[in-house]
Asks: 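What follows is a structure written as structure tokens; I'll ask about it next.
So that the names make sense, note that chain A is the first sequence line, chain B the second, and so on, each numbered from 1.
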Amino acid sequence: MSFTSSLTLNIPFQLQNQASIALKTLSVDPILRPDDAKVSYLISYISNCHYLHIDLYAISDRVLRVLANNIIASLKTIVECFDEF
Amino acid sequence: MTVLNKGDNNDDLNGIENRPFAIYYNIGEAIEKRIEVGDGPHFTKGKTSGPSDFVLKAGIKDKDKPSEAKDSCLGKLRSELTTLQDKINVYLTERMASNSSGNNNEEAKFEKEILDGTAEDDEDEY
């Protein structure tokens, strides 16, 4: 099965630690249909920011939308936790 | 985990303003679309997430309502992520609609039912 649609999310964090924790937290979530989608993560340091790059690959826009929505929802929870504690 | 250092080749990130953004690619149609959050204002309550207006009007209380963003960098990031989520949802929904208008096969219908979880709901209606 080929992944025709992809989306790269680029999320800036002030601290390397925050980007790293976000990556580790997100990466343990299993992909419910691994034949239909794939996710990879990468951290880079650009313009005084630590960027978490999340590459999403899917067989269709519909699968990509579901995947992106779930990951961003999880990411918002992670960011809220950083802000609270 | 892979870590790149400043100066590594990454043309997509040149000129960024430290805001979240996304880039959509479609290999088959040779499409590349950059999705930015824009200047705002940004809020933690998304337009494309949470319960629908129909559910809220029925008197259901939204127990998962997101808290207001704090006046901090992370609060700002959370609001911007909500805007980015909305824009991605809108863009991909538009693409799905335009694709499905010319593609009404059984496979697409089956995929929609499975992913939306509406397969059982449809059966109940008939």
Asks: Is it possible for you to say whether Ile54(A) and Ile31(A) belong to one hydrophobic cluster, with membership spreading through side-chain heavy-atom contacts below 4.5 Å?
Replies: yes
Asks: With a 4.5 Å heavy-atom cut-off, do Leu92(B) and Asn69(A) have their side chains touching?
Replies: no
Asks: Let me know if Gln18(A) has heavy atoms under 4.5 Å from chain B in its side chain, its backbone, both or neither.
Replies: side chain
Asks: Any link between Ile35(B) and Ile31(B) through a network of hydrophobic side chains (Ile, Leu, Val, Met, Phe, Trp, Tyr) touching at under 4.5 Å?
Replies: yes
Asks: Work out which heavy atom in Asn18(B) is nearest to a heavy atom in Ile46(A); give both atom names and the distance.
Replies: OD1-O, 4.4 Å
Asks: Looking only at heavy atoms, which two atoms of Arg78(B) and Lys76(A) are closest? And how far apart?
Replies: CD-O, 3.4 Å
Asks: Hey, any chance Ile21(A) and Leu81(B) share a hydrophobic cluster, counting ILVMFWY side chains that come within less than 4.5 Å of each other, even indirectly?
Replies: yes
Asks: Same cluster or not: Tyr57(A) versus Ile27(B), using hydrophobic residues (I, L, V, M, F, W, Y) connected whenever any side-chain heavy atoms lie under 4.5 Å apart?
Replies: no
Asks: Quick check on Thr82(B) against chain A: is it the side chain, the backbone, both or neither that has a heavy atom closer than 4.5 Å?
Replies: both
Asks: Looking at Ile71(A), Ile72(A), Leu9(A), which hits side chain to side chain contact (heavy atoms under 4.5 Å, CB included) with Gln85(B)?
Replies: Ile72(A)
Asks: In terms of heavy-atom pairs under 4.5 Å with chain A, which of Leu84(B), Leu77(B), Ile88(B) leads?
Replies: Leu77(B)
Asks: Do the side chain of Asp83(A) and the main chain of Leu74(B) share a donor and acceptor less than 3.5 angstrom apart?
Replies: no
Asks: Between Tyr25(B) and Thr8(A), is any pair of side-chain heavy atoms under 4.5 Å apart?
Replies: yes
Asks: Hey, any chance Leu26(A) and Ile11(A) share a hydrophobic cluster, counting ILVMFWY side chains that come within less than 4.5 Å of each other, even indirectly?
Replies: yes
Asks: Against chain B, label Phe13(A) side chain, backbone, both or neither, depending on which of its atoms sit under 4.5 Å from a heavy atom there.
Replies: side chain
Asks: Side chain from CB out, backbone as N, CA, C, O: work out which of these in Gln14(A) comes under 4.5 Å of a heavy atom of chain B, or both, or neither.
Replies: side chain
Asks: CG/Asp61(A) to CD/Glu94(B) distance, rounded to the nearest 0.5 angstrom?
Replies: 11.5 Å
